[in-house]
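A short write-up of the structure that comes next.
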Amino acid sequence: MFKSSVIIAAMTAILMVGGNCCAQSCHYEKNVIDALTEVPVRVTQPVTIGKLNNNPLYFKAQSVGIRYRFLKMKYYRYEGFSINEQREVAFRLSTNEEIVIQPRVNPADTVQGAGETISSLIVYPLTADQYEKLKRFPVTSFKYFGSDGAVEMPIKESRQSKIMEILNCID
């Protein structure tokens, strides 16, 4: 009798987290219901997926209601390093599929300091299909366009699930 109740409790716990055996705790910058629209808005804390120009490359996820999903990329622009902010970026999944996302250009997202641009935040709207794939499969590499053309950056195995984790936090 005791054994079966333990099994039932374990199965219930798994079902409660959507069948995800590896549920993580989510950390948010914002997790509110908008006072005017009454739409839930969630923004995760940033996660690091690797380094660009010897500085961290951050991503955070955002949802506005149930229709709009975004990935926000922040990187540092020291020593003249920059990413072409009008160009797409791509994620290679563990399935070898490439997910290409287009930026929403907003010049106000760039941070200036003492005449030098310090960092940029680029917002990428996600389609429903892109969102579903990115939250289900680990990302093995990241491709961006810099001054020298396309650059594909491998992602360490220990960081390959970071994009999945933050996207699963905004459901």
Side-chain angles (χ1 to χ4, degrees), residues 12-52 55-78 81-93 97-139 142-146 155 159-171:
T12 304
I14 289 171
L15 291 173
M16 289 174 67
V17 294
N20 183 357
C21 69
C22 308
Q24 76 285 350
S25 61
C26 297
H27 302 284
Y28 297 100
E29 281 184 0
K30 182 187 249 185
N31 187 6
V32 299
I33 304 287
D34 184 88
L36 295 176
T37 63
E38 297 184 0
V39 172
V41 177
R42 290 189 179 111
V43 181
T44 65
Q45 290 284 342
V47 295
T48 305
I49 67 161
K51 287 193 172 201
L52 288 180
N55 291 290
L57 171 63
Y58 296 105
F59 278 92
K60 54 186 166 180
Q62 178 177 355
S63 64
V64 178
I66 58 172
R67 267 185 78 191
Y68 301 103
R69 307 273 191 262
F70 305 92
L71 272 177
K72 296 180 169 187
M73 178 181 77
K74 180 180 178 180
Y75 73 96
Y76 292 96
R77 299 176 60 148
Y78 298 126
F81 176 81
S82 69
I83 291 176
N84 185 335
E85 297 181 11
Q86 281 77 45
R87 294 289 308 262
E88 71 277 6
V89 296
F91 298 95
R92 172 99 33 218
L93 303 179
E97 182 177 1
E98 186 175 76
I99 305 295
V100 178
I101 58 178
Q102 301 291 330
R104 181 194 78 192
V105 179
N106 184 5
D109 289 337
T110 298
V111 178
Q112 301 275 336
E116 179 186 2
T117 302
I118 297 171
S119 67
S120 287
L121 178 74
I122 307 172
V123 178
Y124 298 92
L126 298 174
T127 66
D129 186 54
Q130 291 167 335
Y131 172 69
E132 288 301 321
K133 288 178 181 175
L134 285 167
K135 77 176 201 169
R136 287 184 48 219
F137 300 104
V139 174
F142 171 69
K143 183 167 65 175
Y144 65 93
F145 288 86
I155 297 175
R159 298 187 185 273
Q160 291 180 359
S161 64
K162 295 292 184 185
I163 298 292
M164 287 172 42
E165 290 171 8
I166 61 174
L167 287 174
N168 278 294
C169 285
I170 61 170
D171 274 336

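A heavy-atom distance below 4.5 Å is found between the side chains of Met73 and Ile83. Side chains of Leu57 and Tyr144 form no contact here, defined as non-hydrogen atoms less than 4.5 Å apart. Two residues are said to be in side-chain contact when any heavy atoms from C-beta on lie closer than 4.5 Å; Lys74 and Pro46 fail this criterion. Between Phe59 and Thr48 there is no side-chain heavy-atom pair separated by less than 4.5 Å. Between Leu167 and Leu71, the closest side-chain pair of non-hydrogen atoms falls below 4.5 Å. Using a 4.5 Å heavy-atom cutoff, the side chains of Glu88 and Phe145 are in contact. In this structure the side chain of Val47 never reaches within 4.5 angstrom of the side chain of Glu165, judged on heavy atoms. For the pair Val64/Phe70, a side-chain contact is recorded, criterion being any heavy-atom separation below 4.5 Å from C-beta on.
Side chain of Ser82 to main chain of Arg77: no donor-acceptor pair is present (N/O by atom type, distance under 3.5 Å, no hydrogens or angles). Of the possible polar contacts, none joining the Asp34 side chain to the Val39 backbone as a donor-acceptor pair under 3.5 Å is found. A donor-acceptor pair under 3.5 Å is formed between the side chain of Gln45 and the backbone N or O of Tyr28.
Within a 6.0 Å sphere centred on CD1 of Ile33, heavy atoms belonging to other residues, nucleotides or ligands number more than 12. Heavy atoms from other residues, nucleotides or ligands lying under 6.0 Å from CZ of Phe81 number more than 12.
Side-chain rings of Tyr124 and Phe91 stay apart, their centers remaining 6.0 Å or farther from each other.
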Q) Could you go step by step and tell me if Arg69 and Asp171 meet the side chain to side chain contact (heavy atoms under 4.5 Å, CB included) rule? A) CA-CA 9 Å; Arg69 307 273 191 262; Asp171 274 336; 4.2 Å; yes
Practice task
Go through the steps to decide whether Tyr68 and Tyr131 satisfy the test side chain to side chain contact (heavy atoms under 4.5 Å, CB included), and finish with yes or no.
Solution key: CA-CA 10 Å; Tyr68 301 103; Tyr131 172 69; over 6 Å; no
Test log, rule side chain to side chain contact (heavy atoms under 4.5 Å, CB included), inputs Tyr75 and Ile122 | CA-CA 9 Å; Tyr75 73 96; Ile122 307 172; 4.0 Å; yes
- Does the pair Val41 and Gln62 meet the rule for a side chain to side chain contact (heavy atoms under 4.5 Å, CB included), with working shown? CA-CA 7 Å; Val41 177; Gln62 178 177 355; 4.1 Å; yes
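Minimum heavy-atom separation, Lys133 to Ile99: CD-CD1, 3.7 Å. Here the shortest heavy-atom pairing between Leu126 and Gln130 reads CA-OE1, 3.5 Å. Summarising the geometry of Pro103 relative to Pro125, their closest heavy-atom pair is C-CD, 4.4 Å, with the distance given to 0.1 Å.
Residues that satisfy the salt bridge (charged side-chain N to carboxylate O under 4.0 Å, His left out) test with Glu29, not counting sequence neighbours, are Lys60.
Here the OH-OG distance, from Tyr78 to Ser119, works out to 7.0 Å after rounding to the nearest 0.5 Å. One finds the CZ atom of Arg159 at 9.5 Å from the CD1 atom of Ile49 (value rounded to the nearest 0.5 Å). Atoms OG1 and CD, from Thr127 and Glu132 in turn, are 9.5 Å apart once rounded to the nearest 0.5 Å. Distance check, rounded to the nearest 0.5 Å: CE of Met164 to CG of Leu93 gives 10.0 Å. To the nearest 0.5 Å, the span separating CG on Asp129 from CG on Leu134 amounts to 9.5 Å.
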